[in-house]
Amino acid sequence: MAQRNRRRVSIVPAMCGREVEAELSLDGSYYSLSGDMLPSLGARSNRRVKLRRFIVSPYDRRYRAWETFLILLVIYSAWVSPFEFGFVERPKGGLAIADNVVNGFFAIDIILTFFVAYLDRATYLLVDKPKQIAWKYTTSWFVLDVASTIPSEAARRMLPQKLRSYGFFNMLRLWRLRRVSSLFARLEKDRNFNYFWVRCAKLICVTLFAVHCAGCFYYLLAARYHNPSMTWIGASTPDFPKKSLWIRYITSMYWSITTLTTVGYGDLHAQNTREMVFVTFYMLFNLGLTAYLIGNMTNLVVHGTSRTRKFRDTIQAASAFAKRNQLPDRLQDQMLSHLCLKFRTDSEGLQQQETLDALPKAIRSSISHYLFYSLVLKAYLFRGVSGDLLFQLVSEMKAEYFAPREDVILQNEAPTDFYIVVTGSVDIIDYKNGTEKIAWEAKTGDLVGEIGVLCYRPQLFTVRTKKLCQLLRLNRTTFLSIIQSNVGDGTIIMNNLLQYLKDQKDPIMEGVLRETENMLAQGRLDLPLTLCFAAVRGDDLLLHQLLKRGLDPNESDNNRRSALHIACSKGSENCVLLLLDYGADPNSKDSEGSVPLWEAILWKHETVIQLLIDNGADLSAGDMGQFACIAAEKNSLELLEDIVRFGGNVTFPRKDGTTALHLAVCNGNVEMTKFLVEHGADIDKPDMNGWTARDLADQQGHEDIKAIFETKKVCENKSSTMMDTLQSPQLVRKFSSEPSIRHAYFETTPSSRDASSGKGYQRQKASNFHNSLFGIMSAVHANHGGMHVLSTTPSRCVGFSGVHRHPPNRVIVSCPERSDIADKLVLLPGSLKELLQVGAMKFGFLPTKVLTREGAEIDDINVIRDGDQLVLVSDVSQV
């Protein structure tokens, strides 16, 4: 219930038309088509609207039944009121009782009307406020309704003395006849009743009522005349007042009907001036009534035969045209069969398109969607397109009937329309050397003529019906205009067509496919195609044409997957170059977090990878956790190494908290697990279910993996202890006498090493374990009870062999004393303290200074440049 202008109302459909009352029944229940409002298609007269308490809806079934009962009483009133007025001076007995009972029912209806909601003409809403209902009724028909309901006895007392004997007040009951008019208006629009017979019944009722009223009024003139013998009835029956009421009534009706039909026999005619005046006006009335009756009957008869006459005229005109132009017999047969089919469909009520065209667009679209959407959805050309596009296409399709053996499309004609078979079947015919050959048969759901429309070429085949068919026709111009606003769907449609041509394995279709692809590459098709379409096909020429039209190089599909993503996955180097040249973002992410560089790495397109890197592509712009997990799911250690090689981090989790380490442990891949652990994977990081990699290894019993985790844990504990020692001032003391220290040097590049070969230190190889860094540390632990003390003999060289900047800020770490340990690649820290910590973690000793090769101490990390040779030393001699 809505409220508007402080009035409580309920929404109903808007009204249309003049002020008449009617009802329309479409499924056995009545629909109001009154002048107050018109319902929406499918609306029910008993629509349930929430009204105020004690307020009745005018569409309630019970109220409708009450109105139907009152119509029976109206018919009684229409007969008895003129009868009492002419023949009865004062009703007595059963007639008086019946009159008062009928008046009582109409009195009840007056009271009920104060509780019936009405339609506001300004807002077209049902008003259910009692005060407004009462005001509306009292200012309209209330007075006449009350006047027509007053009992006869009371009315006679109210009227003047001269009018009491004429029953004048009873004639007010004819006001109730307005209800009969609404009855016939409803019946005329009710499809359950034949319109012809309803109109005939209405005309008969009008005629009988006119005859009845005229007879009653004419008898009244004779009965109230001062000289009964000088009246129309007294002239033939002088003692007529003594005759029975039935004889007098029949005589009056006889005169009335013979006068109405203008076949009077002369036995009953006017005898005085008063009767002559009445008869004169009655004859004038008869002229109009007769014209009304004849006109309506003629219209009913003509309406039933006009369709047949029009059909005959059309057939004759078509036959004359065919003979005059000497058309072949086959064309004549097709013309006549089509006209006959149209007549049959019209006469049987099958004119679907005519019915749809008469409706508003919204209703028409809804009906077309209900009837044809499922069929169009299954057509191969529209597989995968959006529902919005299908709804638009279905709304524009026209349903047409075709007779058997009728040509729908002719070979080589201009492609203006294509069709979908709804019912029946059609033959696809190929004309070669003047002979017909049936290529195939199209059945329900198949398309015909679409190749010519989409490929911009004359129709390839003739389409001829095999039996009665219903086809959906779609105009080419309308189709292309809809596709222009649905670019992505246009691409899908074109892909479906090309795939269909490939699957046909037919020489003709293969030729069409080649021509279509050439036209696509040259940009000669007006179909709106996406960059993704060109990238999928690897067609750099088409891609270039589309980019020159001004298409956005970062255009993406529904999954935010750009053309660059697709080109990189396909390894289309030329397409990648074009997209990058036109400004495509090399780091764009799709809905799954993938970037173009990852697509190229995943499919191992090295050339494309290098192109992307040269144009600023960064793997870390994507979802690193997803990338690492994909590699782990594929059990591809090589893919993990590629991720690291191109600057990625394999330790990040994906969105659900799972890391590559979790997946590697689940797969029991020892090598991959070791690789991930070496690159910093956290073995104690839980996934979304709270499981850590260590838990998974224990649960699945992977002993090799558990051993890797234990070694990792020991190394972490050892590094943590050395870090605490390095950061604690109590563990390092400086003595006045410093031991002689041999330097380990930092060697940046081979060129810088060769340049300093004359003065620089040569790389030394360890002769045995005891000369290595770990041997020295073990000896220190053994000789001094685990204390980190250097002997007075020259210390072994410790440090980093070849620490140099690697973009981005990476350094290579090695120990000259351990030739069996490979160089390590680490990030160059941001401070000297961090550099010393890195040395402690990598080689297990406690450096305290950073020196140049010449021995100068470095006190700021910012003075280290590319190519500098650095040395880490420890000046601790004892603790």
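The shown structure was predicted, so the numbers you read here are calculated from the model rather than taken from an experiment.
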- Fit a plane to each ring of Phe69 and Trp66, take the angle between them on a 0 to 90° scale, and name the class: parallel (under 30°), tilted (30 to 60°) or perpendicular (over 60°). tilted

- Looking only at heavy atoms, the pair that brings Val512 and Cys455 closest together is CG1-SG, 4.1 Å

- Task: Please name all residues satisfying salt bridge (charged side-chain N to carboxylate O under 4.0 Å, His left out) with Asp539, sequence neighbours left out, ordered by chain then number.
- Result: none

- Query: Can you tell me how far CG of Leu471 sits from CG of Asp417, rounded to the nearest 0.5 angstrom?
  - Reply: 11.5 Å

- May I have the step-by-step check of ring pair (Phe, Tyr, Trp, His ring centres under 6.0 Å) for Tyr218 and Tyr282, ending in yes or no? CA-CA 10 Å; Tyr218 200 47; Tyr282 182 48; 8.0 Å; no

- Message: When you measure from the side chain of Ser181 to the backbone of Arg178, do you find a donor-acceptor pair of N or O atoms at a distance under 3.5 Å?
- Response: no

- Message: I'd like to know if the side chain of His212 and the backbone of Pro82 have a donor-acceptor N/O pair within less than 3.5 Å.
- Response: no

- Message: Can you tell me how the ring of Phe402 sits relative to the ring of Tyr419, calling it parallel under 30°, perpendicular over 60° and tilted otherwise?
- Response: perpendicular

- Item | Arg383 to Asn496 - nearest heavy-atom pair and separation | O-ND2, 3.0 Å

- So do Val279 and Trp255 actually touch side chain to side chain, heavy atoms under 4.5 Å? yes

- Test side chain to side chain contact (heavy atoms under 4.5 Å, CB included) applied to Leu289 and Val206, step by step: CA-CA 9 Å; Leu289 180 60; Val206 171; 3.9 Å; yes

- Atom pair CE/OG1 of Met253 and Thr258 - distance to nearest 0.5 Å: 11.0 Å

- Taking the side chain as every heavy atom from C-beta outward, state whether Leu393 and Val385 have any pair of such atoms under 4.5 Å apart. no

- Message: So Ser319 and Gln332, do their side chains get closer than 4.5 Å, heavy atoms only?
- Response: no

- Which pairs count as ring pair (Phe, Tyr, Trp, His ring centres under 6.0 Å) when at least one residue sits in residues 498-518, sequence neighbours excluded? Tyr380-Tyr500

- Message: Using modelled atom types and a 3.5 Å cut-off, is there a donor and acceptor pairing between side-chain atoms of Thr465 and backbone atoms of Leu468?
- Response: no

- Would you find a donor on one side and an acceptor on the other, under 3.5 Å apart, between the side chain of Ser368 and the backbone of Ser395? no

- Once you round to the nearest 0.5 Å, how far does CG of Leu529 lie from CD of Gln545? 11.5 Å

- Thr444 and Leu375: side chain to side chain contact (heavy atoms under 4.5 Å, CB included), yes or no, with the steps? CA-CA 8 Å; Thr444 300; Leu375 177 71; 3.9 Å; yes

- Task: Without swapping roles, check the side chain of Asn299 against the backbone of Gly295 for a donor-acceptor pair under 3.5 Å.
- Result: no

- Beyond-backbone contact of Trp440 with Asp506, side-chain heavy atoms, under 4.5 angstrom: no

- Item | Cys532 and Thr491: CA distance, side-chain angles, deciding distance, side chain to side chain contact (heavy atoms under 4.5 Å, CB included) verdict | CA-CA 8 Å; Cys532 295; Thr491 297; 5.9 Å; no

- Task: Work out which heavy atom in Leu480 is nearest to a heavy atom in Tyr456; give both atom names and the distance.
- Result: CD1-OH, 3.7 Å

- Task: Please round to the nearest 0.5 Å and tell me the distance separating atom CG of Leu174 and atom CZ of Arg176.
- Result: 9.5 Å

- So, do Tyr292 and Leu203 sit near enough that their side-chain heavy atoms are less than 4.5 Å apart? yes

- Message: Return the CG to CG distance between Asp407 and Asp427, rounded to the nearest 0.5 Å.
- Response: 10.5 Å

- Side-chain touch Leu501/Ile451, heavy atoms, less than 4.5 angstrom: yes

- Check step by step if salt bridge (charged side-chain N to carboxylate O under 4.0 Å, His left out) holds for Glu67 and Arg64. CA-CA 5 Å; Glu67 286 188 323; Arg64 287 296 193 187; 3.2 Å; yes

- One should read off an interatomic distance between Lys443 NZ and Lys466 NZ, to the nearest 0.5 angstrom, of 7.5 Å

- Task: Quick one: closest heavy-atom pair of Tyr431 and Gln411, and the distance?
- Result: N-OE1, 2.8 Å

- Message: Quick check: closest heavy atoms across Ile492 and Gly384, and the distance to 0.1 Å?
- Response: CD1-O, 3.4 Å

- Item | Gln326 CD: over 12 foreign heavy atoms closer than 6.0 Å | no

- Between Gln499 and Asp503, a side-chain donor and acceptor under 3.5 Å: yes

- Task: State, yes or no, whether a side-chain contact exists between Arg476 and Thr416 at a heavy-atom distance under 4.5 Å.
- Result: no

- Task: Return the minimal non-hydrogen interatomic distance between Ile409 and Glu413, and the atom names on each side.
- Result: CG2-OE2, 3.3 Å

- Query: Is it true that Arg364 and Glu396 have a side-chain N and a carboxylate O under 4.0 angstrom from each other?
  - Reply: no

- Item | Close side-chain approach of Leu377 and Phe382, heavy atoms under 4.5 Å | no

- Message: Using 30° and 60° as the class boundaries, would you call the ring planes of Phe278 and Phe217 parallel, tilted or perpendicular?
- Response: perpendicular

